[in-house]
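Presented below is the structure to which this report refers.
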Protein chains: 2
Amino acid sequence: MDNLNQEREHLSVIDRYCENCNEETILKMANILKILGEPSRMKIVLALSYGELCVDHIVKCVNLSQSSVSHQLRILKDNQIIKFRKEKQNVIYYLYDDHIMEIINLVREHVEE
Amino acid sequence: MDNLNQEREHLSVIDRYCENCNEETILKMANILKILGEPSRMKIVLALSYGELCVDHIVKCVNLSQSSVSHQLRILKDNQIIKFRKEKQNVIYYLYDDHIMEIINLVREHVEE
DNA sequence: TGTAAATATGAACAAGCGTTCATATAATAA
DNA sequence: TTATTATATGAACGCTTGTTCATATTTACA
């Protein structure tokens, strides 16, 4: 491909990027991945991918301090990665929706190759 | 569901987590998402999702300093999110493989709902 | 060979953030 | 009501990391 054609190609790439990718969407996309992209949170989410759990069980499962787990649950909840319901003296957390599972599974595939 | 049954359920969730999620895999999964979960890098990857670009064009596209882009390209390259080839005095970057696109698209869907 | 253009790199600084520690709150049971 | 269990929260500390600035390197071309 000659210089001029490559230049044209690149310009059309830039155009498509500018048309389709607004700042706000980019920030939202990066944010979800940032939230999931932290080992402690990933552990919690992976645990919940097998079923709902109360806080105490999450703590035992992922082997982190109760306080740390609680802080991370808050962040996951605030970013709509998980939801919770109260039941007796327990708070039971579970994944927000199937999208989270899909993303997790895709990343798992990518890693396991 | 009574207490005992719930306890049993939770224990089986914990078991499945422990069987299937080894530390190394979790760290790898979190790492990829951490790399993508940063606005500057997300911008670069999104730009490249429309086609390959040389560094200078990436700089113009995502509106970051040349140095910053270069640093981030290195991180993306080291983590196998992108590849490059040299052509004349230019270095042309492009996505490493289709998995990256799939992840990006899934996240985009999630955000756009 | 020397100059300009394109890209990479290293050090330093600031900001973000995960963990810990101590403590608060909520809910149940006695 | 009091004690106990379960969970949440706030402050502080330390580490990580993205950006900038200055500069090095590489390649093409005159």
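In what follows, every chain begins at residue 1, and chains take the letters A, B, ... in the order their sequences are listed. These numbers were taken from a predicted model, which means no experiment stands behind them.
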Min side-chain heavy-atom separation [X]-[Y] under 4.5 Å:
X	Y	value
Tyr93(B)	Ile58(B)	yes
Tyr17(B)	Val62(A)	yes
His57(B)	Cys54(B)	yes

Examine [N]: is either OP1 or OP2 under 4.0 Å from a nitrogen or oxygen in the side chain of [X]? Give yes or no.
X	N	answer
Ser65(B)	dT20(D)	yes
Lys34(A)	dC17(C)	yes
Asn90(A)	dA27(C)	no

Count the heavy atoms of every other residue, nucleotide or ligand shown that sit under 6.0 Å from CG of Asp15(A), and state whether that count exceeds 12.
yes
Under 4.0 Å from any atom of DNA chain D, heavy atoms only: list the residues of residues 67-77 of chain B that qualify, in numerical order.
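Close to the strand are Ser67(B), Ser68(B), His71(B), Gln72(B), Ile75(B).
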Can you tell me how far [atom2] of [N] sits from [atom1] of [X], to the nearest Å?
X	N	atom1	atom2	value
Lys43(B)	dG18(D)	NZ	P	14 Å
Asp56(B)	dA28(D)	CG	P	16 Å
His10(B)	dA6(D)	NE2	C1'	14 Å
Lys88(B)	dT7(C)	NZ	C1'	16 Å
Glu7(B)	dT5(D)	CD	P	15 Å
Lys86(B)	dT7(C)	NZ	P	11 Å
Asn79(A)	dG18(C)	CG	P	11 Å
Leu64(A)	dT19(C)	CG	P	6 Å

Closer than 3.5 angstrom, by distance alone: can the side chain of Arg41(A) be matched with the main-chain N or O of Ile35(A) as a donor-acceptor pair?
yes
When we call it a touch if two heavy atoms are under 4.0 Å apart, what does Tyr93(B) touch: a base, just sugar-phosphate, or nothing?
sugar-phosphate
Which residue lies more 5' along DNA chain C, comparing Val91(B) with Ser40(A) via nearest heavy atoms
Val91(B)
Given DNA chain C, 5'-ward residue of the pair Phe84(B) and Gln89(A), judged by closest heavy atom:
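The residue closer to the strand's 5' end, by nearest nucleotide, is Phe84(B).
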May I ask you to decide whether Glu52(B) forms a salt bridge with Arg85(B), counting only side-chain N to carboxylate O separations under 4.0 Å?
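So Glu52(B) pairs with Arg85(B) through a salt bridge.
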Indicate yes or no: does Lys43(B) engage Glu23(A) in a salt bridge with an N to O separation below 4.0 Å.
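Salt bridge: yes.
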Mark yes or no for a side-chain to base donor-acceptor pair under 3.5 Å between Gln66(B) and dA8(C), with no hydrogen or angle criteria applied.
yes
